[in-house]
Amino acid sequence: KKIFAFSIRKDEEPYVKEWAESHPDVEVEYTSELLTPATAKKAKGADGVVVYQQLDYTADTLQALADEGITKMSLRNVGVDNIDMAKAKELGFEITNVPVYSPNAIAEHAAIQTARILRQTKVLDEKIANGDLRWAPTIGREVRDQTVGVIGTGHIGRVYMQIMEGFGAKVIAYDPFENPELKKQGYYVDSLDDLYAQADVISLHVPATKENFHMINRDSIAKMKDNVVIVNCSRGALVDTDAVIAGLDSGKIFGFVMDTYEDEVGIFNEDWRGKEFPDKRLKDLIDRSNVLVTPHTAFYTTHAVRNMVIKAFDNNCKLINGKEADTPVKVG
Ligand code: NAD
Ligand code: COI
């Protein structure tokens, strides 16, 4: 049996090799190239493919794989929104993803950035770099003095809650599907409006569904406390960026953490040095002292990347051997 993997980065290579060494019965080949209609033929002779990319898995791409007799595809990430599912169904594809590879990676990043905003570390770093070593006016807010409102208490939200509690914060949460254990412990407020009214820090840990599009907007921001901190390490589409900029300009929002941005595709994980930066609004946010931008790197840890690779290969190995995969995706 043979598995072919696309778009393997340098940091993933050791884990691909680790998996291949522990599965000598499976032939493993890979490329750094993305999966496209043109590159699909590189997988010729393979029984399945392991993939990750933000580029769409179009009907043409899926057809090109099927033309090579390959219909078993394992994603190394969570999101399946860039797959032409109708075509995948028509071609009889079996697909898997890795829904949980390290909630701690994302939760930890969100918590670190929350603490940095509260202690104004970016302002301090800029002052120090310019030779201004005075304390004032860069006075911090202690995490234990904050009420932290967590929207979405799934895998990542729950770890973020634990970390913030470790710092001593009062944690409240909202989720339409309440976790029984958290409910018993009294974390939930009745509505998003209640959370907006009480929270000093608001952190988003929900998926980008149609219903959640721009859930943080002018109206929701108006319901928040003055000097609120907003943290988005989930999906760019959850936040109306212009509304946040207005909140930052008026002083309503104390600080904004953004690991995801609604127009990030084609901009994040690219090298813009020596080139014209393609998005004025994003540049404006990057330049602000009370905005922490990271290019969708919350997930990017050795622990997470290893799990993404190993779990995707495990899934694909099961598929190509006619076994039930650990985390199959509904096709269609
Ligand atoms: P999960 O499915 O375990 O939990 C999501 C929770 O959100 C669920 O409990 C759901 O009921 C709740 N929810 C949905 N809509 C809601 C709403 N309107 N209000 C309140 N709660 C709502 O997901 P997860 O693994 O914890 O992931 C959370 C988010 O993190 C997702 O958007 C995911 O795409 C994102 N993510 C980001 C990175 C990164 O690198 N920045 C990496 C992985 C995942
Ligand atoms: C996800 O797994 O959904 C992420 O957001 C991380 C991805 C960029 C690899």
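Every heavy atom of this structure was used, including side-chain atoms; hydrogens, water molecules and symmetry mates were not. Remember, it's 1-based here, ligands and their atoms both numbered in the order they're listed.
Among all non-hydrogen protein atoms, the one lying nearest atom 35 (C) of ligand 1 is S234 O, 3.6 Å. Looking only at protein heavy atoms, the nearest one to atom 3 (O) of ligand 1 is H155 ND1, 2.7 Å. Regarding atom 9 (C) of ligand 2, its nearest protein heavy-atom neighbour is M308 CE, 3.6 Å. Taking atom 3 (O) of ligand 2 as the reference point, the nearest protein heavy-atom neighbour is R235 NH2, 2.5 Å. Annotation: atom 37 (C) of ligand 1 to nearest protein heavy atom, C233 O, 3.3 Å. For atom 38 (C) of ligand 1, the closest non-hydrogen atom of the protein is I106 CG1, 3.7 Å. Closest to atom 4 (O) of ligand 1, if we only count protein heavy atoms, is G154 CA, 3.2 Å. Atom 14 (C) of ligand 1 has as its closest protein heavy atom P207 CD, 3.6 Å.
Ion pairing between D284 and R288 holds under the 4.0 Å rule for side-chain N and carboxylate O. The residues K311 and D326 are annotated as not salt-bridged, no charged nitrogen and carboxylate oxygen being separated by less than 4.0 angstrom. A salt bridge does not link K318 to E324: none of the charged nitrogens lies less than 4.0 Å from a carboxylate oxygen. Using a cut-off of 4.0 Å between Lys/Arg side-chain N and Asp/Glu carboxylate O, D263 and R281 are scored as salt-bridged.
At least one N/O-N/O distance between V206 and ligand 1 falls below 3.5 Å. Considering both main-chain and side-chain atoms, Y101 never comes within under 3.5 Å of ligand 1 through any nitrogen or oxygen pair. Any N or O atom pair closer than 3.5 Å counts here, and V78 shares no such pair with ligand 1. Residue contacts with ligand 1: A208 is placed with no nitrogen or oxygen under 3.5 Å of a nitrogen or oxygen of the ligand (distance criterion only).
Within the 4.5 Å cutoff, side-chain heavy atoms of V231 are placed close to those of V201. L248 places a side-chain heavy atom less than 4.5 Å from the side chain of L285. The closest side-chain heavy-atom distance from P295 to N269 is not below 4.5 Å. In this structure, L34 and T39 have side chains that are not in contact, with every pair of non-hydrogen atoms separated by 4.5 Å or more.
Listed by atom number, the atoms of ligand 2 under 4.0 Å from V78 heavy atoms are 1 (C), 2 (O), 3 (O). Within ligand 2, counting atoms from 1 as listed, the ones closer than 4.0 Å to a heavy atom of Y101 are 1 (C), 2 (O), 4 (C), 6 (C). In summary, the atoms of ligand 1 found under 4.0 Å from a heavy atom of G152, numbered by their order in the structure, are 7 (O), 20 (C), 21 (N). Shown in contact with F299 at under 4.0 Å from a heavy atom are these atoms of ligand 1, numbered in order with element: 40 (O), 42 (C). In the vicinity of D259, heavy-atom distances shorter than 4.0 Å reach the ligand 1 atoms 39 (C), 40 (O), 41 (N). Short contacts between ligand 1 and A298, defined as distances under 4.0 Å to a heavy atom of the residue, involve ligand atoms 39 (C), 40 (O), 41 (N). The contact set between ligand 1 and H205, taken as ligand atoms under 4.0 Å from a residue heavy atom, comprises 5 (C), 6 (C), 7 (O), 28 (C). Atoms of ligand 2 lying under 4.0 Å from any heavy atom of Y52, numbered from 1 in the order shown and given with element: 7 (C), 8 (C), 9 (C). Numbered from 1 in the order shown, with element, the atoms of ligand 1 that lie under 4.0 Å from a heavy atom of F177 read 11 (O).
Selection from T260, D175, T297 by nearest heavy atom to atom 12 (C) of ligand 1 gives D175. Taking all heavy atoms of I156, V150, I151 into account, the minimum distance to atom 44 (C) of ligand 1 is reached by I156.
Residue H296 touches ligand 2 through its side chain alone, judged by heavy-atom distances below 4.0 Å. By the criterion of a heavy-atom distance under 4.0 Å, neither the backbone nor the side chain of Y300 is placed next to ligand 1.
With a 6.0 Å cutoff to the six-membered ring centre and a 45° limit on the axis angle, R76 does not count as a cation-pi contact of Y101.
Between Y160 and H205, the two ring planes are tilted [angle within 30° to 60°]. Relative ring orientation between F299 and H296 is described as perpendicular, the plane-to-plane angle rising above 60° on a 0-90° scale split at 30° and 60°.
Atom CZ of R144 sits in a sparse spot, with 12 or fewer heavy atoms from other residues, nucleotides or ligands closer than 6.0 Å.
In this structure, NZ in K183 is found 8.5 Å from OH in Y188, a value given to the nearest 0.5 Å.
Linking ILVMFWY residues whenever their side-chain heavy atoms come closer than 4.5 Å, directly or via other members, places I221 and Y196 in the same cluster.
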